[in-house]
Amino acid sequence: MGETSNLPTAANFVHDVVVEHNATGAFGGRVQTRFPPEPNGYLHIGHAKAITADFELAREFNGVCRLRFDDTNPDTEDASFVAGIVEDLAWLGYPLDHDPLFTSDYFAQLAEWAELLISNGLAYVDDQDGDTISEQRGGYGKPGVESPFRNRTVDENLALFAGMRAGDFDEGARVLRARIDMQHENMQLRDPVMYRIRKEPHHRTGDGWSVYPTYDWAHGQSDAIEGVTHSLCSLEFDSHRALYDWFLDRLSEFAALPFEQPRQYEFARLELTHTITSKRKLATLVADGVVDGWDDPRLPTLRGLRRRGYPAAAIREFCHFVGVSKTNSRHEIELLESFIRTRLNKVAQRRMAVLEPLRVVITNWPTDADGDPIVEYVELNNNPENTEDGTRTAPFSGVLYIEHDDFKAEPPPKYYRLTPGREVRLRGAYFVTATDFVSDDDGNVVEVHVTYDPETKGGNSLDGRKVKSTMHWVSAAHAVEAEVALYERLFAAEVPGSETGDPFDDLNSDSKTLLHGCKLEPALAETAAEEVVQFERLGYFAADQRTPLLFHRTVGLRDEWANIQKRK
RNA sequence: UGGGGCGUGGUGUAAUUGGUAACACAGCAGUUUCUGGUACUGUCAUUGGGGGUUCAAGUCCUCCCGCCCCAACCA
């Protein structure tokens with residue numbers, strides 16, 4: 001987490017609010033936030049922004065931020081998500097220093113407070129069904145209609161709510177509603193539902209409850225119980241703030257709240273181009289097998305990004321840079337990728353790997369007494385950005401693999417690489433000149449013949465002669481075979497669904513390419529699981545967490561040659 | 001249709017709170033380079049629109065326009 005604090009100050013209006021509060025003595029200088037996911041899915045990049053906003057705000061003011069599971073809906077929640085979220089949070093850089101909190105731990109307190117509101121005529125049991133209640137709510141600019149059950153006596157309400165709690169009624173038969181104002185211009189205040197009946201067992205409380213608090217009734221009260229001061233949430237809860245305050249205001253009239261009343265602040269959620277952050281839609285992609293699970297490297301889930309090789313620190317830096325504001329916006333995925341590259345450029349070890357191999361024979365390479373090509377070992381830098389990472393050695397011999405794209409029988413304009421008659425450098429080894437090539441029946445080049453200049457050992461010419469390009473290579477006799485997964489954007493459109501309204505219409509059917517028979521330099525066989533290395537000239541690649549010799553392309557290098565080709 | 005939020009370059013975020021538009025990404029043009037990588041240089045907006053106040057407005061006033069959110073017993 002330390003790195004983040006070294007970044008320049010980014011936009012954060014909540015930060016400014018806290019500064020203001022501290023200046024005026026609000027909350028006694030205390031800052032407490034919370035990250036409140038519902039355990040009904042895995043965390044994604046959008047959550048990363050909320051997480052950094054919550055945790056970093058607390059950290060900056062020496063406050064505390066705690067994880068609280070907002071588990072008020074037994075229909076959708078699952079214990080496996082609880083564990084997954086805790087794990088992802090730790091990976092992101094926020095390991096828990098406390099047992100996670102659960103809204104379900106406050107169910108008893110919440111119910112007690114609900115009875116307090118009932119006793120003061122501020123809540124009532126409604127026997128109508130959802131459709132009726134919804135109709136009576138009215139509409140924007142249209143008045144609401146009061147429920148015929150709105151004026152039940154306190155005793156009747158108390159008895160009925162007790163019955164709801166006892167499980168006397170079926171799901172949907174009754175709800176507890178706040179008694180506010182059916183004509184309120186803010187629809188949220190038109191007698192919102194506080195409790196509904198659910199018979200589904202809860203992942204923690206089991207069959208202990210048959211009524212469950214709604215988000216609105218649970219959230220502010222949970223914040224108050226914990227002593228949260230600044231309760232951050234996304235923009236769409238803006239209209240809920242009045243309700244958040246109403247509950248707390250009323251409650252504080254009848255009960256002593258343990259802390260000063262928390263306040264809610266809304267900020268814009270993080271949206272990125274070429275991807276989606278809807279939990280429901282991500283779940284659909286997983287369920288339909290469009291991707292290979294929640295940790296598919298194409299997904300914006302934290303576990304997907306992790307598997308893909310995105311460094312947690314880079315994600316944090318990105319979130320910090322993006323800041324906290326109220327403007328609805330969508331960041332270009334390229335910005336995130338630039339943070340990934342910047343970080344990886346500093347730390348990733350350089351290696352040579354040939355993804356689409358083309359056989360190269362050095363026709364003048366010397367042989368030993370048995371007639372076999374001799375083998376030399378060349379020394380290579382592990383990381384030009386950090387000489388302390390030292391060097392390694394790679395075997396070089398008379399038969400090699402180079403990238404198929406690195407040879408063209410007929411070079412296009414501005415092509416610097418190998419082509420008949422041209423001399424190039426094989427990184428760290430020798431200058432070679434293409435003399436000939438072999439094609440198959442379809443005209444595809446299958447082998448290139450070159451001659452090498454023994455005077456250029458190590459990759460430099462004695463006469464100062466320059467070469468246009470330096471290419472990576474792998475010795476055929478020593479190559480380690482591997483699989484490499486290449487990823488493109490999961491969604492072709494910048495804004496998935498912008499045309500048809502359905503994001504899935506913009507799914508890119510070619511988002512994954514699995515390459516077999518890739519040739520790696522021997523040092524790559526020792527790559528640790530999850531380590532990200534740079535395949536020189538190609539990009540950053542992450543070793544799979546479970547399968548050895550499987551690499552995922554994290555992100556490509558910036559590629560000017562690709563831009564040149566695109567322009568044509 | 002009522003209420004609320006928001007509009008600065010291709011994208012996102014700034015602007016000492018009225019003082020002459022900054023940073024990053026992307027793009028383009030170059031320099032350096034044993035990665036067409038990195039690094040470095042240059043270039044790329046007059047702030048949704050109109051009117052007003054002022055020596056001075058992205059910042060204040062006013063009218064208009066546009067986008068987003070709210071009528072789940074989801075969160």
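Only heavy atoms go into these numbers, but all of them, side chains included; no hydrogens, no water, no symmetry mates. Every chain is numbered from 1, with letters handed out A, B, ... down the list of sequences. Since the structure is predicted, the reported quantities are computational estimates derived from the model, not experimental observations.
Using modelled atom types, one finds no donor on one side chain facing an acceptor on the other under 3.5 Å when comparing A:Asn186 with A:Ser239. A donor-acceptor pair shorter than 3.5 Å cannot be found between the side chains of A:Arg269 and A:Asn328.
Rounded to whole angstrom, the span from the CG atom of A:Leu272 across to the C1' atom of B:C25 amounts to 13 Å. B:U35 atom P lies 12 Å from atom CG of A:Leu380, rounded to whole Å. Look at CG on A:Asn328: it is 17 Å from P on B:G48, rounded to the nearest Å. With rounding to whole Å, A:Ile197 atom CD1 is found 17 Å from B:C74 atom C1'. Rounded to an integer number of Å, the gap from A:Arg190 CZ to B:G4 P is 14 Å. The nearest whole Å value for the distance from the CD atom in A:Glu135 to the P atom in B:A72 is 11 Å.
Counting any heavy atom pair closer than 4.0 Å across all strands shown, A:Glu185 reaches a base atom. Within 4.0 Å (heavy atoms only), A:Asn186 reaches no atom of the nucleic acid at all. Across all strands, A:Arg425 comes closer than 4.0 Å to base atoms (heavy-atom distances). Within 4.0 Å (heavy atoms only), A:Glu271 reaches no atom of the nucleic acid at all. A:Ser239 comes within 4.0 angstrom of the backbone, heavy atoms only, and of no base. Counting any heavy atom pair closer than 4.0 Å across all strands shown, A:Asn40 reaches no nucleic acid atom. Nucleic acid contact for A:Arg177: none, since no nucleic acid atom lies under 4.0 Å from a heavy atom of the residue. Among the protein residues, A:Gln534 comes within range of the nucleic acid bases, having at least one heavy atom under 4.0 Å from a base atom. A:Val193 comes within contact range of the sugar-phosphate backbone alone, with a heavy-atom separation under 4.0 Å but no base atom that close. Residue contacts for A:Thr76: at a heavy-atom cut-off of 4.0 Å it reaches no nucleic acid atom on any strand shown. At the heavy-atom level, A:Phe535 lies nowhere under 4.0 Å from the strands shown. A:Thr72 comes within contact range of the sugar-phosphate backbone alone, with a heavy-atom separation under 4.0 Å but no base atom that close.
With centroids closer than 5.5 Å and planes inclined by less than 30 degrees as the test, A:Phe321 and the base of B:U13 fail to qualify as a stacked pair. Between A:Tyr215 and B:A75, no base-stacking contact is recorded for ring centres under 5.5 Å apart and planes less than 30° from parallel.
Annotation for A:Lys326: atom NZ counts as buried by contact number, over 12 foreign heavy atoms lying within 6.0 Å.
Interface remark: the A:Glu385 side chain does form a donor-acceptor pair with the B:G37 base, using a distance-only criterion of under 3.5 Å. On a pure distance criterion of 3.5 Å, a polar donor-acceptor pair joins the side chain of A:Arg417 and the base of B:G36. Looking at A:Glu332, its side chain comes within 3.5 Å of the base of B:G10 through a donor and an acceptor atom. Donor-acceptor pairing under 3.5 Å, judged by distance alone, is absent between the side chain of A:His184 and the base of B:A71. In the interface, the side chain of A:Arg330 is not paired with the base of B:U11 through any donor and acceptor atom under 3.5 Å apart. Between the side chain of A:Tyr140 and the base of B:G3 there is no donor-acceptor pair of N/O atoms closer than 3.5 Å.
For the pair A:Asp131 and A:Tyr416, both in contact range of RNA chain B, the more 5′-proximal nearest nucleotide belongs to A:Tyr416. Each of A:Met187 and A:Lys142 has a nearest nucleotide on RNA chain B; the 5'-most of these lies closest to A:Lys142.
Taking the P atom of each, B:C25 and B:U32 are spaced 22 Å apart, rounded to whole Å. Comparing the C1' positions of B:A14 and B:A45 gives an interatomic distance of 14 Å, to the nearest angstrom.
Of all nucleotides present, only B:G66 satisfies the Watson-Crick or G-U wobble test against B:C6, with each distance under 3.5 Å. B:A24: Watson-Crick or G-U partner is B:U11, with both key distances under 3.5 Å. Under the Watson-Crick or G-U wobble criterion, with both distances below 3.5 Å, B:A56 is left unpaired in every strand shown. In this structure B:U47 sits in no base pair that meets the Watson-Crick or G-U test at under 3.5 Å.
Taking the ring centre of A:Phe102 as origin, the terminal cationic atom of A:Arg204 falls inside the region bounded by 6.0 Å and 45° from the ring axis.
In summary, A:Glu403 and A:Arg417 do not engage in a salt bridge, as defined by a charged side-chain N under 4.0 Å from a carboxylate O. For the pair A:Asp127 and A:Arg152, the salt-bridge criterion is met [side-chain N within less than 4.0 Å of a carboxylate O].
In this structure, the ring of A:Phe551 has its center no less than 6.0 angstrom from the ring center of A:Phe541.
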